[in-house]
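Here's the structure, in structure tokens; my notes come after.
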Amino acid sequence: MLKKIHPTHTMAWEKLLRHYKEIKKVHLKDLFKDKKRFEKFSIEFEDILFDYSKNKINERTIELFIELADEMALEKAIASMFEGDRINETENRAVLHTALRSFKQKYVHTGSHELYKNIENVRNKMRSFSNDVRSGKWIGYSGKKITDVVNIGIGGSDLGPYMVCEALKHYADGPDLHFVSNVDGAHISETFKKLDPETTLFLIASKTFTTQETMTNAFTARDWFLKKAKDQKQVKKHFAALSTNTEKVVEFGIDKENIFEFWDFVGGRYSLWSAIGMSIAVSIGYERFEELLKGAEAADHHFRTADYKKNIPVIMGMLGVWYADFFGAECEMVLPYDQYLHRFPAFLQQLSMESNGKSVSRDGSKVNYRTGQILLGEPGTNGQHSFYQLIHQGTHLIPADFLCAKEPLNELADHHCKLQSNFLAQTEALMIGRTKDEVIEMLEKSNVPETEARKVYLHKVFKGDNPTNSIIYDKLTPYALGKLIALYEHKVFVQGVIWNIYSFDQWGVELGKELAGKILSELKDKKVEAPHDCSTEGLLKHLRKGGK
Ligand code: G6Q
């Protein structure tokens, strides 16, 4: 089980507080007087280069964080996760998404052979199903090949596979993929416009098979299909389920043969590696899906074996804690200079904010320090033309991760060079900034009259001193993507351990769901079930007025 101590009660925390008071005064660009900084604070792991030298740290910072990690028993926590201890204590579950991508089965623990056998069986079933759909062996009720596959799911059953399918679009050579998540009828209606029931396959992705949004969309999809197919028996050719709840799936009318199982030790936001990844296998082919898993497996091995000083997720996690708890940063950004990764920040939002958005510690007491940060992000260079202003000249400290591929997947004139020059320029600008003297000199050189220069120069000063990490991978392959995702998963884990919180539950989403259930009947039946506050009641009445 995980240790239950407050990080603020450790010796290392005290030392870090003292260290912070000194280092906060040093501007980042002054830290670069040490010409070996890049060498000291960068890590190479296979084709990934992780440069964290542009952070407000020195060797002492890392040493103290290692002391903190030791006091918080990080090593034991990592072993507990990989070995299947029930570290998700509030749900009494193990956390074994790593087992789904463990081909070498390095971390097999007693009694887990059956588990690995089950995982392999589902993978084999996924391989043959996805091959059949892609090759045209799997045909629809009227004898036509499947041209479109729709993943119906939400949250963890949508964000992961959707992000990966977008990221690996370059390799997509299967049927067209669509993702429907929102219960807003607009989502499925607009998707239907592109589809023909005769050539469409629905993947109902739901761990519980009870989620309101997913089930509403699934029933709507079935009605839409049956309107044309007419015969209930044909559902088996057009619907498959990715779920842990066989009983509910069968009740819905999906053939037992079309159920792709996974298990309660796979959390929703960690489920893209399971049967929930079926849409990925259908889109890019099963072999490439396995490459994705193998990339993640390599990152798992790195996380388990690399020294903390050379361990990317450990360092990333520590830096996150450093800025949140010592510098008081509220937000962090992930900025991929890679258009294929345009859903990566959205995926990471759930991974990080749902996992570490907690205020009760593992011993049940309220935390008195900051936990999970707000994560935002958009692909570069687009973001530069919108919100970067606030990072450069606003009042917040916003640490940011910049990601970029060394080689492009599309060779087009000098696009990639321009993309990379922006990637490099932004991290440099955020670090060095531009001083008052530099601005005045610049204005003088452009012959701006002195009175005018005095008026505007402050607006042109950049404080700099803003921390960034740079992550470069050779090419966005399935293997590289698998590594990237797993590195971030483990970063979130490290932070949860240091913050002494439970990262694998999500009780905070329950209250809204519960109330929505009650309000739904009030909206439908026009009756009041619960006394509401006057705002909710006023809004409810307004929505009912003139509505159906
Ligand atoms: C993720 C959460 C949540 C979940 C969705 C969908 O970690 O648990 O986002 O994935 O609520 O749940 P189902 O897969 O059960 O429909």
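Read the numbers this way: they start at 1 and go in the same order the structure lists the ligands and their atoms. No experiment lies behind these values; they were computed from the predicted model shown. Position 1 is the first residue of the sequence; numbering continues from there.
In this pair, W224 and F192 present their aromatic rings parallel. The plane angle is below 30°, not in the 30 to 60° band. Relative ring orientation between F202 and F239 is described as parallel, the plane-to-plane angle staying below 30° on a 0-90° scale split at 30° and 60°. Ring geometry for F82 against H490 counts as tilted: the plane angle lies between 30° and 60°, on a 0 to 90° scale. Ring geometry, Y141 versus F225: the interplanar angle exceeds 60°, so the pair is classed perpendicular (tilted spans 30 to 60°).
The protein non-hydrogen atom at the shortest distance from atom 5 (C) of ligand 1 is I154 O, 3.5 Å. Of the protein's heavy atoms, G156 N, 3.8 Å lies nearest to atom 4 (C) of ligand 1. Of all protein heavy atoms, the one lying nearest to atom 1 (C) of ligand 1 is E354 OE1, 3.1 Å. The closest protein non-hydrogen atom to atom 8 (O) of ligand 1 is Q506 CD, 3.6 Å.
Of the N or O atoms in T208, one or more lie within a sub-3.5 Å distance of an N or O in ligand 1.
Heavy-atom proximity to atom 3 (C) of ligand 1, evaluated over K207, E213, Q350, Q212, is greatest for Q350. Of the candidates L242, V266, T211, D505, T211 brings a heavy atom nearest to atom 16 (O) of ligand 1.
A cation-pi contact, defined as under 6.0 Å to the ring centre and within 45° of the axis, links K294 to F103.
Using a 4.5 Å heavy-atom threshold, the side chains of S361 and K4 count as separate.
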